[in-house]
Amino acid sequence: MKAVKHVFAGWRWTLPLLILGVSFWLTLFCRSAVPVGAFDALRALLPGPPDSLAQALVLNLRLPRSLVAMLLGASLALAGSLLQTLTRNPLASPSLFGINAGASLAMVWVSAFSPQLFSGFSIALVAALGGGISWGAVMLTGGGWQQAGDRSRLILAGVAVSALCAALAKATLILSEDHAYGILSWMAGGVAHARWPEFWHLFPFTAIIAPWVMLLAGRLNLLQVSDDSAQTLGVNLPRLRLTINLLVLLLVGACVSVAGPLAFIGLLVPHISRYWIGYDLRRMLPLSMVFGATLMLLADLLARFLAWPGELPAGVVLALIGAPFFVWLVRTRT
């Protein structure tokens, strides 16, 4: 019996990783303007210069795009899991709590009005600042700082702040027509433009923050029970909450600065991960990153298939997938 349980537990990791690997491979060669064979995609990953145009296309265009998609999905899924843990709210996510909207508004304002003023700053930090301001507004108006507050108020506050940020962004587009097309394309969310510079911009954030969060997973497990239990066991709650909030803002800011606002990954993936492997954050958080990366790759793949020979923004596909799930989740929680 123990052997059967051990094999089943192994498949809980092997199957998601297998699906991730297959999804990554498919994104390297499916729906390409220049025909790319399945084995050309594999050969392009080998060391050495590319031997053909197809391999060069994979190495310079498709590979960085797929890697960026994986980093985006993993980072947003991790951010959503952390927000749901901090607030103990199953509907928490960067998009519903206004972080995406605030980060997007900051990016729109900087792009439209004063790109030279912030030329010496990281665009991820600018986005994180905007997301932090909107997140603070949500927490303030929704009573998020009160331990006994109504957690459902956070969702209402997040919707209101997101609507305000969206209205300000639209007003900015009207006032800055020269930048309107580029801003609208970016706000749709996607990775069609992603190349190696975008990968190296996003990779340090994920590579540093993800291991940091895993080291804090044990303390976050205590936070899932209650604040009193965590404090009794020696957890410094103010410092832990501040640290996690800052890490979430940096993750979301980096993602928004690269691909625009991508909704529903942070909402959908944590629930799938809990169902698949349980509530222990030491296992659930890394699996959330795997599922998030897979979902983003599949969304990018579907975006190519649904509008071939053109392609849809991946953010549109994510909305088509996530909106019905959100409705179902709200109905089951009320």
If we only count heavy atoms from C-beta on, is the [X] to [Y] side-chain gap below 4.5 Å?
| X | Y | result |
| --- | --- | --- |
| Met296 | Leu262 | yes |
| Thr243 | Arg239 | yes |
| Phe97 | Thr87 | yes |

What pairs of donor and acceptor atoms, side-chain ones from residues 189-197 against any protein atom, are under 3.5 angstrom apart with sequence neighbours left out?
from	atom 1	to	atom 2	distance (Å)
His193	NE2	Val258	O	2.7
Arg195	NH1	Ala192	O	3.1
Trp196	NE1	Leu59	O	3.1

Verdict with reasoning, Trp13 to Arg283, per side chain to side chain contact (heavy atoms under 4.5 Å, CB included): CA-CA 10 Å; Trp13 284 100; Arg283 295 182 297 171; 4.2 Å; yes

Consider only side-chain heavy atoms of I, L, V, M, F, W and Y, link residues closer than 4.5 Å, and tell whether [X] and [Y] are in one cluster.
| X | Y | result |
| --- | --- | --- |
| Val316 | Phe264 | no |
| Val317 | Leu298 | no |
| Ile277 | Leu15 | yes |

Side chain to side chain contact (heavy atoms under 4.5 Å, CB included) evaluation trace for Phe24 with Leu67: CA-CA 8 Å; Phe24 175 74; Leu67 290 175; 3.9 Å; yes

Which residues share a side-chain contact (heavy atoms from CB on, under 4.5 Å) with Leu301, sequence neighbours left out: Leu26, Thr27, Cys30, Arg304, Phe305

side-chain contact (heavy atoms from CB on, under 4.5 Å) partners for Ala217, two or more places apart: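 Ala217 satisfies side-chain contact (heavy atoms from CB on, under 4.5 Å) with Leu281, Arg282, Leu285 only.
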
Inter-residue atom distance [X].[atom1] - [Y].[atom2], 0.5 Å rounding:
| X | Y | atom1 | atom2 | value |
| --- | --- | --- | --- | --- |
| Asn100 | Ser134 | CG | OG | 8.5 Å |
| Phe291 | Leu17 | CZ | CG | 9.0 Å |
| Thr206 | Met289 | OG1 | CE | 6.5 Å |

For [X] and [Y], work out which heavy atoms get closest and say how close.
| X | Y | answer |
| --- | --- | --- |
| His201 | Ser257 | NE2-OG, 3.1 Å |
| Thr141 | Ala137 | OG1-O, 2.8 Å |
| Leu297 | Ala69 | CD2-CB, 3.9 Å |
| Thr85 | Ser81 | OG1-O, 2.9 Å |
| Gly80 | Pro94 | CA-CD, 4.0 Å |
| Gly130 | Ala106 | CA-CB, 3.8 Å |

Hydrophobic cluster partners of Leu242 (side-chain heavy atoms under 4.5 Å): Leu246

Of all pairs that satisfy salt bridge (Lys or Arg N to Asp or Glu O under 4.0 Å), the ones with a partner from residues 246-259, not counting sequence neighbours: none

Donor on one side chain, acceptor on other, Thr294 and Ser23, under 3.5 Å: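 On atom types as modelled, these side chains do not qualify, holding no pair under 3.5 Å.
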
Arg219, CZ: over 12 other non-hydrogen atoms inside 6.0 angstrom: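 12 or below, so no.
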
Atom pairs and distances, donor-acceptor, side-chain atoms in residues 319-326, under 3.5 Å, two or more places apart:
none

